[in-house]
Amino acid sequence: MTPRPGADDGERRRIPVTVIGGYLGAGKTTLVNQLLTDAVGEHPERIAVLVNDFGSVNIDASLIVARDDDMIQLANGCICCSLSEGFAQAMQRIDELARRPDRLVIETSGVADPRAVAQYAHLPGFRLGAVVVLADVETIRGRSRDRYVGRQVLEQLRCADLIALTKTDLIDAASLVEVRHWMADTAPGIRVVDAQRSHLPHDVVFGSSPLRAAVEIGDGAPDVHGHDPLHRAWTLVGDGPIGRGRLETMIAALPPSIVRAKGVLSLAGEPGRWVLQLVDGRSALTELPPAEAVAEAEHDEVGCRLVFIGPAAIDQDSSITTLATGLGLRLMPPEATT
Amino acid sequence: VSHPITVFVAKQIVTMNPSNPTATHVAVRDGIVLGAGTLDEVSGWGEYELDDTFRDHVLVPGMIEVHSHSFEGLTGSVPYQGWFDRTAPDGRTLPGIRSFDELIDDLRRLDTELDDPDEPLVTVGFDPVYFDGARLDRTHLDLVSTTRPIFLFHASAHLATVNSAMLVASGITRDTPTVGVARDAEGEPNGELKEMPAIALARSAVAKLFSIIGREDTIWNFGRMARQVGLTSVGDLAGQLLASPQLRERWTRIVNDPAFPARVTMHNLGSSIGAGGDFDTVARELTALRANHESDKLRFPGVKFVLDGSIQGWTAVMNPPGYFTGADHGQMLTVPEQFVDWARPFHRAGIPIHIHCNGTATIDLAIDTIDQLLREYAWLDHRHTIQHSQLTTEAQFRRMKNLGMCANIFANHLWYWGDVHYEQTVGPERANRLEPCGTATRVGVPFALHSDANVTPLGPLHLIWCAVNRITPKGRVLGEHEKISAYDALWAVTQAPAYQLHLDHLMGSIECGKYADFSVLSESPLAVEPMQIKDIAVWGTVVGGVKQPAA
């Protein structure tokens with residue numbers, strides 16, 4: 001076979017990419033600066049940050065080793081700007097660095113679609129970690145109705161693997177509950193965590209891979225399953241692998257009202273662990289990176305665990321039962337789903 | 001030092017100077033018009049040489065395009081496979097391609113012209129909307145070569161189609177998770193790559209395109225393209241000079257070269273790299289650029305901001321009731337509440353602001369922003385401009401009039417997307433006031449016309465033709481009541497853009513004291529049948545008194 005210059009040869013580690021999205025004022029820059037600070041302290045590692053513009057990053061000057069038009073070199077990584085040459089070129093430059101970073105964080109602009117930006121994480125040399133979208137609890141509901149950006153704000157939330165509520169210390173407990181209810185209706189099935197003053201633990205940001213979101217679905221958002229009258233979730237579990245063809249056929253046969261699915265599983269006759277995602281009728285199977293598969297094993301998550309989400313108003317039990325039977329999985333009782 | 005006088009004689013001179021509308025002779029000294037009139041009237045300036053090159057031609061004021069892009073200079077540098085015939089900067093006709101068979105034959109010819117068997121074959125201009133039946137995919141391109149990577153960059157710039165060799169060379173497989181890698185029924189990539197994250201996977205092709213864009217002859221060809229279509233001043237409305245001293249050196253050196261055949265106005269992007277979110281600094285840098293690097297050939301008349309996407313991409317942000325059919329993908333490209341803060345430093349520094357607005361909602365935002373800035377800092381003669389301004393309502397035009405704003409109207413859309421707008425994007429009523437030149441005229445908003453080249457081909461006569469006839473490829477007349485006269489349309493590519501650029505004391509009419517910039521035409525656009533305007537032959541131009549024959 002012809003050499004594939006764009007492909008990975010298996011020896012070169014793919015750099016995990018975390019996309020930080022959210023509207024203006026949601027706290028993206030604060031979070032990025034915190035992650036950079038953590039990376040010289042609690043969680044030593046080399047981080048590359050890709051931003052629209054250097055102006056938004058207010059990094060401690062003592063960390064800066066050198067800078068030019070396109071890159072600020074840090075003691076423990078670098079900050080790159082995507083604006084002049086585009087994401088693909090900037091990422092190629094990062095991929096070709098003499099010392100490749102341990103991870104890449106992309107801070108999107110306030111009006112960007114984070115899921116579209118996340119597609120660049122599939123360029124050679126990289127892999128997609130997660131899309132984290134921040135939401136300012138004081139303003140998010142108003143923004144979602146804004147005549148200019150309302151639809152974009154909603155789409156940002158709905159594309160997230162993890163939604164982090166920021167500035168939660170600025171509103172009272174009852175208002176926060178309202179926001180969480182609203183978020184559960186607005187972005188059903190997506191894990192929601194609190195981040196006061198945009199502070200999020202390193203592990204929550206970088207551990208929120210599709211896997212984590214899948215196995216922990218509901219952990220951070222009990223409202224979705226416990227109180228949300230509009231949506232419900234079904235959890236299917238099994239002990240053995242599933243045939244790829246059978247899985248794809250069964251998923252394709254699901255009614256369109258099943259809006260979202262996530263899960264982790266093994267495929268019959270194929271090594272490794274796999275992540276299933278279904279969003280807006282589009283499903284994808286991606287192999288779990290070995291490091292995460294190990295981490296997953298430590299969590300005692302083996303076999304298959306798939307979560308499906310759809311409107312509560314439509315009776316889907318028969319299609320879900322058919323799915324469970326077809327895949328040889330067990331449908332967990334509703335209380336176990338949450 | 002002698003300062004010779006040349007008197008040009010023409011079949012007719014349409015001056016666009018309302019107090020002296022027509023002439024037969026124009027006297028020129030040091031690149032400046034001394035006077036236009038009869039020979040008797042202009043001969044008193046002194047000894048002159050009579051130049052009768054244009055005895056059988058019509059002179060109009062040098063036509064001005066404010067809103068195009070220097071990518072137009074790529075025309076002909078990368079093999080062209082679009083549907084419509086195009087003209088290259090050297091005058092060659094680049095024939096349109098009308099069938100898959102022609103496409104394959106053309107690619108086979110191009111394949112044999114490349115020596116290195118691994119060099120990717122890259123073409124531009126292909127547009128699937130014109131081909132009925134099967135969609136182009138890798139199987140068609142595999143008929144050309146199974147070994148050389150092939151990459152067709154579509155006219156929309158949102159799609160590419162590649163062959164199997166390019167998929168292999170780029171490592172694109174059924175396991176590539178990128179959304180935008182289109183697949184066949186078996187789940188294999190079918191060769192179509194949608195949007196940049198997927199297109200960028202074809203690294204070798206993208207690198208080849210970038211290297212061609214970065215060549216100096218792209219700038220030279222931008223000027224040659226202008227000459228070819230009768231423009232004496234051509235605009236790059238998305239310059240990046242503030243970000244790059246190297247680019248600034250290159251542009252000033254090339255455009256100021258006496259051989260460069262057009263004047264250039266460049267509006268630099270305000271939100272470009274290096275801005276650092278600090279627009280006070282950007283405004284200072286732009287002020288310095290204007291003070292230190294402007295010349296008669298190259299100017300930096302304002303700053304550009306982009307607020308939304310396009311109507312035909314359903315990404316323009318529309319007021320209710322929104323789009324006629326299809327899903328609303330309206331996309332703000334600037335955070336709305338930030339815009340006034342971004343624009344303020346430029347307004348304060350006296351730098352005109354040009355704002356890309358395709359949707360009706362973003363036009364509101366632009367007008368609200370200018371209204372706010374004018375309350376904060378008085379500037380009576382700002383001429384801030386809404387670019388594209390395609391569906392501006394009468395109410396919006398009234399506010400623009402009251403605030404002293406200009407419009408630059410994308411007249412070519414009537415032809416290139418008029419039917420799509422009528423049938424799909426905005427529906428009949430709004431399509432009938434697409435590019436509302438009639439309303440702008442009635443309300444009294446100064447407006448120019450633009451091509452947004454290379455989005456549509458550069459060419460002021462085609463713009464006039466669109467504004468006057470408002471006809472679509474399917475034969476519809478879109479908005480009888482928005483038609484304007486040939487005179488008003490010629491005004492909109494001469495005097496009006498000069499005004500919009502704050503250069504109407506130097507350009508826009510053939511008049512004592514202004515640049516001796518003429519477009520040399522076979523016929524007067526005011527005299528031919530309206531439907532013939534786009535077919536008037538262009539001899540070339542005169543820029544600063546120097547003849548610039550088209551190739």
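In what follows, chains carry the letters A, B, and so on, assigned in the order in which the sequence lines appear, proteins first and then strands, with residues in each chain numbered from 1.
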Set of residues satisfying ring pair (Phe, Tyr, Trp, His ring centres under 6.0 Å) with respect to His356(B), sequence neighbours excluded | His388(B)
Mind checking the CG-OG1 spacing from Leu123(A) to Thr178(B)? Nearest 0.5 Å is all I need.
-> 6.5 Å
Nearest-0.5 Å distance that lies between atom CD in Gln338(B) and atom CG in Leu24(A) = 4.5 Å
Do Gln119(A) side-chain atoms and Val179(B) backbone N/O form a donor-acceptor pair below 3.5 Å?
-> yes
Which region of [X], side chain (C-beta onward) or backbone (N, CA, C, O), has a non-hydrogen atom less than 4.5 Å from a non-hydrogen atom of chain A, or is it both or neither?
X	result
Thr334(B)	backbone
Asn319(B)	side chain
Val317(B)	side chain

Nearest heavy-atom contact between Ala116(A) and Pro197(B) is O-CG, 3.7 Å
All N/O donor-acceptor pairs, side-chain side in residues 326-333 of chain B, below 3.5 Å, sequence neighbours left out:
{"residue": "Asp328(B)", "atom": "OD1", "partner": "Gly330(B)", "partner atom": "N", "Å": "2.6"}

Option in Ala198(B), Ala165(B), Pro320(B), Pro336(B) with maximal non-hydrogen atom pairs under 4.5 Å from chain A | Pro336(B)
How would you list all residue pairs meeting salt bridge (charged side-chain N to carboxylate O under 4.0 Å, His left out) that involve residues 111-122 of chain A, not counting sequence neighbours?
-> Arg115(A)-Asp161(A)
Look at atom NZ of Lys208(B) and say whether more than 12 heavy atoms of other residues, nucleotides or ligands are closer to it than 6.0 Å.
-> yes
Taking everything shown except Arg246(A) itself, do over 12 heavy atoms lie less than 6.0 Å from its CZ?
-> no
Identify the residues of residues 147-157 of chain A whose heavy atoms come closer than 4.5 Å to a heavy atom of chain B, ordered by number, or report 'none'.
-> Arg147(A), Tyr148(A), Val149(A), Arg151(A), Gln152(A)
Heavy-atom distance under 4.5 Å between the side chains of His122(A) and Val181(B), does that happen here?
-> no
